[in-house]
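So the structure is just underneath, and the comments pick up after that.
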Amino acid sequence: MASILGYSFIFFFTIISVFYVIQPLFLEKVKYSVDETNLSLKREKTILYRSIKELEMEFDIGNIDKVEFEKRRNLLKNEVSIILKKLKKK
Amino acid sequence: MTPLAGSVALNLALGFSIISIVSLSIYTSNNDERINLLGHRSALASSFLVFLSTFILSYQLMISNFDIDYVARYTSFETPTMYKISALWAGQSGSLLFWLFILSIFSVIVILQNQTKHHKLMPWIVISISVVQIFFLVLTNFITNPFKPTDTDFVIQNGNGLNPLLQNLTMAIHPPTLYLGYVGLTVPFAFAFSALVNKDLGSLWIKSIRRWTLISWLFLSIGIILGGWWAYQELGWGGYWAWDPVENASFMPWLTLTAFLHSIIIQEKSGMLRFWNMILIFITFTLTIFGTFLTRSGVMSSVHSFTESSLGPVFLSFVFFLLIVSFALIYIRKDHLKSAKKIESFASREGGFLLNNVIFVVLCFAVFWGTIFPVVSEAVRGTKITVGAPFFNQINTPIGLILLGLTGVGPLLAWRKTSNEKIKNNFFLPTLISGILFFILMALGYDAYVVISFSLCLFVIIAIYMEFYKGAKSRIVRFNESFFVALYKIISKNRSRYGGYIVHVGIVLMFVGFTGNAFDIEKEFGLKKGSSEFVGDYEFLLTDITEEERPNHYAWISHIRLLDSQGNIVEDLYPEKRVYFHENPDINKRQPHSEIDIHSTMNLDIYSIFSAIDANGTAFLKIMINPLVKWVWIGGYVLVLGTMIALWPRKEL
C-alpha cells in the first residue's frame with residue numbers, strides 16, 4: 001500500500017513539474033523587447049547621485065579640501081548630465 | 001511520503017537542471033523567450049524537487065525510519081526531536097543534500113528577483129547556479145545517496161543515535177549558518193561569471209551582488225563565531241580556535257571574501273580593480289567548494305580514505321573545473337577587465353584597501369598551506385607531518401596585527417590622495433594616545449605582542465570614534481541638531497559606511513579577547529570531597545559529587561565552590577562527567593563526555609572540566625583561567641550589529 005502511494009506521489013509530481021516546465025512551448029514565439037539600456041542608465045544615474053552625496057559628506061567632515069571637492073563634484077555632475085541627456089533622447 | 005519518492009525527486013531534479021542549462025544555452029543564441037522561460041522554469045522545478053526530497057528525508061528522520069541507512073546512522077528513538085532535525089546535516093549525504101537545499105532556495109530567490117531586472121545577465125546566472133546544482137545532484141544521486149536503504153537483512157531495532165558532541169543547541173545552528181554563508185557565495189560567483197560572459201563589466205553587477213555578498217559574509221562570520229563558541233563550550237579543551245582543518249575550511253573563504261568586500265568599494269567608486277575583483281570572487285567561491293571537500297572527503301584524516309571513496313576525487317575534479325573555467329574566461333576577457341584609472345597615491349584609502357587585500361590573500365595562503373601540508377607530506381613522502389596551532393599562530397599573529405592596524409589607518413586616509421597636512425592632522429590624536437599606552441604597557445613589562453595588540457586596538461577605536469565625531473559634528477553645524485540626533489542621522493543616511501565602522505569595532509573587541517590568551521593559566525589536579533586547590537587567585541573547594549541517570553546519558557556531577565582570595569564565595573560550579581549510550585551492552589559504543597561549567601565575567605572566564613572520577617571517589621579536574629574571552633563573543637555581537645546596519649535596505653538600484 002505504501003509503495004502504491006509512493007509511486008502515485010512520484011507520478012503526480014512528475015506530471016505537474018513536466019507540464020509547468022514545457023508550458024511556455026505552447027505560447028507564441030516572442031522576443032524580449034524591454035530596453036535594458038534605459039534601465040541601466042537609470043541605475044547609473046542613482047549611483048552617481050549617491051556618489052555626489054557621499055562626496056559632499058566627505059567634504060563636510062573635512063576628509064577632502066575644497067579644490068578637490070569641487071573638481072570631483074563637477075566631474076560627477078557632468079556624468080549625470082550626460083546620462084540625463086541620453087535618457088531624454090530615449 | 002516514501003524514501004523512494006525522495007530518491008526519485010533527486011533524479012528528476014538532476015534532469016530538470018540539465019534541461020535548464022541546455023535550454024538557456026540555446027536561448028543565448030536564438031533569443032526565443034519561450035526557451036528562456038522554459039530554462040528558468042526547469043531551474044525552479046529542479047529546486048522544488050530538491051525541497052521535496054529534503055522534506056522527505058527530514059520526515060524520515062522524525063519518524064525514525066531505520067530502513068534508511070542515514071536515519072539509522074544518525075538518530076535513534078531516544079534522540080530528542082530537535083536533534084533529529086539537525087541530524088539532516090550531521091552526516092555526509094545529509095549535509096550535501098542540505099547544501100543543495102539552501103542552494104535551491106537561493107536559486108528560486110535569484111530567479112524570481114532578477115528575471116526582468118537583469119534580463120540580459122540572467123541566462124548565464126541561472127546556468128552557473130545550475131552547474132553547481134548539478135554537481136551536488138550527481139553527488140547525492142550517485143555517490144552518497146541520503147535515501148540509501150540499510151544494508152541488513154534483519155529489522156533494525158534502534159539507530160546509532162547522534163554523536164553527543166552534536167547534541168548541543170549551538171551545534172544545531174552552526175552548520176546551517178555556515179552553509180548559508182558558503183552557498184550564498186554561489187550567487188556573487190554566478191553574477192560575476194555572467195558579467196564576464198556578457199562583457200557587462202561595469203560596476204552594476206557589483207552593485208547587484210553587494211547585498212548577497214554581505215549576507216554571505218554575515219552568515220560565514222556568524223558560523224565561524226558559533227563554531228568557536230561551540231568548541232569553547234562543548235569540546236572541553238578551554239579554547240575556541242585550534243586551527244583545525246574544518247575551522248580553516250570556513251576561515252579561508254572568509255578571508256578572501258573580506259578582501260573582496262573592501263575591493264569592490266574601489267570598483268564602485270572609481271572603476272578600478274576589476275580584474276582583481278573577478279579573481280577574488282572566483283577564488284572565494286572555489287574555496288567554499290574546497291572547504292566542503294576538506295570536511296567531507298575524509299582527506300584530512302588520511303589520503304588513503306580520500307582514494308577509498310569516490311567523493312573526494314569528484315570534489316577535487318570540480319574544484320579544478322571551476323578554477324580552469326573561471327580563469328580561462330578571465331583570460332579571454334582580460335582586455336575588458338582593464339581599468340581606465342590607476343591609483344593616484346598609496347597614501348589614499350584606495351592604497352590602504354589594496355594593501356589590506358594583499359595581506360588578506362597572504363593570510364589566506366598561509367592558512368591554506370598549513371591546512372593542506374599534512375596531506376601533501378603524506379602523499380609525497382608517505383609520512384604525515386602535522387602542522388599544529390604554533391605554526392599558524394607564529395605566521396598569522398603578526399599578519400593579523402598588521403590588518404588590525406590597517407583597520408585604523410583606512411578611515412584616516414582620504415579617497416584618491418591624502419595631503420601631508422591631512423595625514424598629520426588625522427593621525428596625530430590616535431597615534432599620540434595609543435603611543436602613550438604602548439610605552440606604559442612596555443614599562444609594565446608585558447609581552448611585545450600584547451603591547452602591540454592593545455595599542456593598535458586603542459588606535460583603531462580612536463580613529464573610528466573620530467570618524468563618527470566628525471560626521472556628527474558636520475550635521476550639528478549644518479542642521480543645528482543635537483549630538484545624538486546627528487549621530488543617528490549620519491548612521492542611517494550612510495549605512496554601509498558606518499555599519500562597516502561598527503563591524504571594525506567588533507573586530508577590535510575580538511582582538512582584545514584574542515590578546516587575553518597571553519594571560520591564560522591552566523592547572524590539573526585531583527580532589528576528594530571536602531578538599532580544595534588554588535589556581536591563580538582563586539580557591540576551588542569540592543563540596544560534593546552526585547550521580548544522575550538521564551534519558552540519554554548517565555552523569556557524575558561535581559559541586560565545586562569557587563572562592564576568591566579573601567575567602568568569599570564567588571559561584572558554585574557544576575562540571576559533569578557523562579557517559580552517553582550508557583545502557584548499550586557494547587562498551588565500545590558508550591561515549592564518555594565532559595560537560596564543562598564556566599564562571600564568566602568581563603575580565604575573565606573560569607573554565608572547569610571534570611575529566612574523570614576514580615574508584616576512591618577522587619575527582620580529577622582541569623581548571624583554566626582565561627582572561628578577556630567574553631570580549632570575543634561581545635565583538636561577535638557588535639560585528640553582527642554593524643553588518644545588519646550596512647545591510648538595512650535602501651532605495652533599490
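Heavy-atom basis, side chains included; hydrogens, waters and symmetry copies ignored.
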> Between R72(A) and R416(B), does a side chain to side chain contact (heavy atoms under 4.5 Å, CB included) hold up when you go through it step by step?
Replying inline: CA-CA 10 Å; R72(A) 277 155 69 177; R416(B) 292 180 71 178; 2.9 Å; yes
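Ranking F48(B), W415(B), Y469(B) against chain A, the residue ahead of the rest is W415(B), based on heavy-atom pairs under 4.5 Å. For the set K45(A), Q23(A), K53(A), the count of heavy-atom pairs under 4.5 angstrom toward chain B peaks at Q23(A). Counting heavy-atom pairs closer than 4.5 Å to chain B, the top residue among I22(A), L27(A), L55(A), I16(A) is L27(A).
Listed for the R34(B) side chain is no donor-acceptor partner under 3.5 Å among the backbone atoms of P24(A).
Summarising the local packing, CG of N74(A) is surrounded by more than 12 heavy atoms from other residues, nucleotides or ligands at distances under 6.0 Å. Environment of CZ in F483(B): crowded, with over 12 heavy atoms of neighbouring residues, nucleotides or ligands closer than 6.0 Å. Environment of CZ in F479(B): crowded, with over 12 heavy atoms of neighbouring residues, nucleotides or ligands closer than 6.0 Å.
Scanning residues 75-83 of chain A against chain B with a 4.5 Å heavy-atom cutoff picks out nothing at all.
Of the candidates K473(B), K470(B), M466(B), I61(A) forms a side chain to side chain contact (heavy atoms under 4.5 Å, CB included) with just one, namely K470(B).
Residues D60(A) and R475(B) are not in side-chain contact: their nearest non-hydrogen atoms beyond the backbone lie 4.5 Å or more apart. Contact annotation: the side chain of V21(A) never approaches that of L44(B) to less than 4.5 Å [non-hydrogen atoms, C-beta and beyond]. The shortest distance between side-chain heavy atoms of K493(B) and M57(A) does not fall below 4.5 Å. Using a 4.5 Å cut-off on side-chain heavy atoms (C-beta onward), F16(B) and S17(A) make contact.
Atoms CG and CZ, from L49(B) and F13(A) in turn, are 7.5 Å apart once rounded to the nearest 0.5 Å. Note that the OH atom of Y20(A) and the OG atom of S42(B) stand 9.5 Å from one another [nearest 0.5 Å]. Here the CD-NZ distance, from E44(A) to K207(B), works out to 11.0 Å after rounding to the nearest 0.5 Å. The CD atom of E56(A) sits 11.0 Å away from atom OG of S474(B), with the distance rounded to the nearest 0.5 Å.
The pair E68(A)-K422(B) fails the salt-bridge criterion, with no side-chain N (NZ, NE, NH1 or NH2) lying under 4.0 Å from an Asp/Glu carboxylate O.
With a 4.5 angstrom heavy-atom cutoff, L37(B) touches chain A via backbone and side-chain atoms both. Of the two parts of I35(B), only the side chain, counted from C-beta on, holds a non-hydrogen atom closer than 4.5 Å to a non-hydrogen atom of chain A.
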